[in-house]
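Each ligand, and each atom within it, is numbered from 1 in the order the structure gives. One is the number of the first residue; the rest follow in order along the sequence.
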Amino acid sequence: MKLEALTFKGGVHFDGFKSLSNQKPWVVAKAPSVVTIAMHQHIGAPCEPVVAVGDEVKVGQKIGEAKAFVSTPVHSSVSGKVKKIEKITTPDGRSCQAVVIENNGLDELGYEELSRSLDSLTPEEIRAIVKESGITGQGGASFPTHVKLSVPAENPIDAVILNGAECEPYLTCDQLLMENQPERVLDGLAIIMKAVGAKEGYIAIEDNKQQAIRILREQNTNEHIHIASLKAKYPQGDEKRIIDAVLERHVPSGGLPMHVGVVVDNVATAASVADAVLRGKPLYERLVTVTGHAAAEPKNVLVKNGTPMSYIVEFAGGFKVQPGKIIMGGPMMGISQYTLDLPCVKGLSGILCMTEEEAKPPVVTTCMKCGKCVDVCPVHLLPLYIQQRALKGLYDDAQSLHALDCIECGSCSYVCPAKRPLVESIRLAKREIRAKEQRVR
Ligand code: SF4
Ligand code: SF4
């Protein structure tokens with residue numbers, strides 16, 4: 001199979017503003033004097049703190065225990081003393097306990113550095129290490145990785161796709177990771193393939209990252225791993241779209257990748273899997289893209305978990321103009337922030353600093369039935385009609401128009417010449433439909 005110019009139907013092309021931050025090497029942020037480590041950094045149940053105020057902790061030491069299968073532990077990112085345990089809100093809107101640690105600056109390790117061979121490990125052992133190391137998806141959804149790797153026997157997996165599309169504008173942390181540490185990504189893919197019993201693995205990368213594609217192809221020595229080049233188009237990084245593009249398999253409505261024999265993970269997640277399995281390193285730091293036209297010096301920064309976002313922005317060079325809006329992640333699917341006084345979590349891929357001009361709300365006009373929203377919808381929905389029903393409170397009608405299949409990519413709103421807030425209306429409809437389903441149960 002030729003793995004070039006792969007794509008899906010629908011989607012949008014836009015200026016990715018990637019060059020703001022991808023032209024320079026990443027920098028390692030000095031750890032702050034205090035980190036605030038959230039106990040809920042993933043989809044699923046929160047962790048419970050296993051340290052108390054006054055305890056001494058070390059880098060990589062477990063400080064939050066997962067008490068459910070869909071949950072994953074949390075580790076300290078610094079060495080020092082637990083100052084307090086308090087309730088906080090995370091940048092992704094979770095309200096949870098957090099362990100606040102005063103950094104003693106000694107960077108004492110709380111885990112054993114290993115040099116482990118993959119050959120010696122069974123799939124069960126890999127999953128156990130991945131869980132204990134606190135690995136979650138780092139592409140946005142923060143799904144506990146060991147859960148994805150625990151595939152039921154009735155869904156045999158024959159392919160793993162690593163998502164290196166990074167299709168959101170502005171973000172470049174995955175690109176820099178693939179260009180600079182390809183061996184971590186390749187090792188991680190081989191480990192995930194073994195964990196799920198997949199024969200073939202793919203790293204799927206948009207063709208606006210030619211250097212990453214070239215480097216990974218040069219470095220790859222595994223004949224069962226393939227580097228796929230995707231057309232740069234949003235939302236190419238959505239897992240159903242990437243499966244469609246790479247393998248031409250269609251995940252049914254309401255289905256999961258495993259239903260078509262596939263597991264999809266992000267490239268940064270795979271690199272963390274390699275760190276954990278081969279070197280014994282838990283997940284306590286990550287690359288974050290600090291970017292946008294209000295940022296003075298956009299760049300990628302390697303950051304300790306629990307570092308305040310305000311510290312990260314300051315470390316990267318601060319603002320050049322007053323920001324009008326700050327977003328965790330990219331502009332299409334990211335989450336607007338009301339303050340920068342919140343700590344870095346495992347799912348923080350970027351801090352996007354938009355100018356006041358860029359953040360101005362658009363003037364909304366009447367739908368002119370141009371059909372552009374329909375043309376771009378990657379799920380083949382009718383966004384204008386779903387919005388129409390949602391605005392009238394006709395949620396049953398919205399459901400029959402398959403509102404629940406909407407992946408909230410925002411492509412329809414982006415292209416709409418009338419600037420209609422389509423995705424917001426569809427999100428509301430989804431919430432109401434789900435609430436009704438809950439009431440009926
Ligand atoms: S793109 Fe906007 S104006 Fe055009 S049909 Fe859709 S909602 Fe209406
Ligand atoms: S309807 Fe949903 S899936 Fe379709 S373009 Fe809009 S936000 Fe994306």
Protein contact to atom 8 (Fe) of ligand 1 [nearest heavy atom, distance to 0.1 Å]:
Cys367 SG, 2.3 Å
Within a distance under 4.0 Å of any heavy atom of Cys370, pick out the atoms of ligand 1 and give their elements.
1 (S), 3 (S), 4 (Fe), 5 (S)
Just verifying a value: how many Å separate His42 NE2 and Arg94 CZ, rounded to the nearest 0.5 Å?
7.5 Å
Apply salt bridge (Lys or Arg N to Asp or Glu O under 4.0 Å) to Asp405 and Lys240, showing your working.
CA-CA 11 Å; Asp405 286 342; Lys240 292 185 182 177; over 6 Å; no
Step-by-step side chain to side chain contact (heavy atoms under 4.5 Å, CB included) determination, Ser336 to Lys325:
CA-CA 7 Å; Ser336 293; Lys325 190 175 187 181; 3.1 Å; yes
Residue-atom pairs from the protein, N, O or S only, that lie under 2.8 Å from atom 6 (Fe) of ligand 2
Cys412 SG
Ligand 2 atoms in contact with Pro378 (distance to a heavy atom under 4.0 Å)
5 (S)
Can you name the residues that form a ring-ring contact (aromatic ring centres under 6.0 Å, His included) with Tyr385, not counting sequence neighbours?
none
Test item: side-chain donor near acceptor, Thr172 and Asn300, under 3.5 Å:
yes
How far is atom 3 (S) of ligand 1 from its nearest protein heavy atom, and which residue and atom is that?
Met368 N, 3.4 Å
Listed by chain and number, what are the side-chain hydrogen bond (donor to acceptor under 3.5 Å, both in side chains) partners of Glu314, not counting sequence neighbours?
none
With atoms numbered from 1 as shown, which atoms in ligand 1 lie under 4.0 angstrom from a non-hydrogen atom of Cys416?
1 (S), 2 (Fe), 3 (S), 7 (S)
Taking 4.0 Å as the limit for heavy-atom contacts, which would you say applies to Lys369 with ligand 1: side chain only, backbone only, both, or neither?
backbone
Please name all residues satisfying side-chain hydrogen bond (donor to acceptor under 3.5 Å, both in side chains) with Asn163, sequence neighbours left out, ordered by chain then number.
none
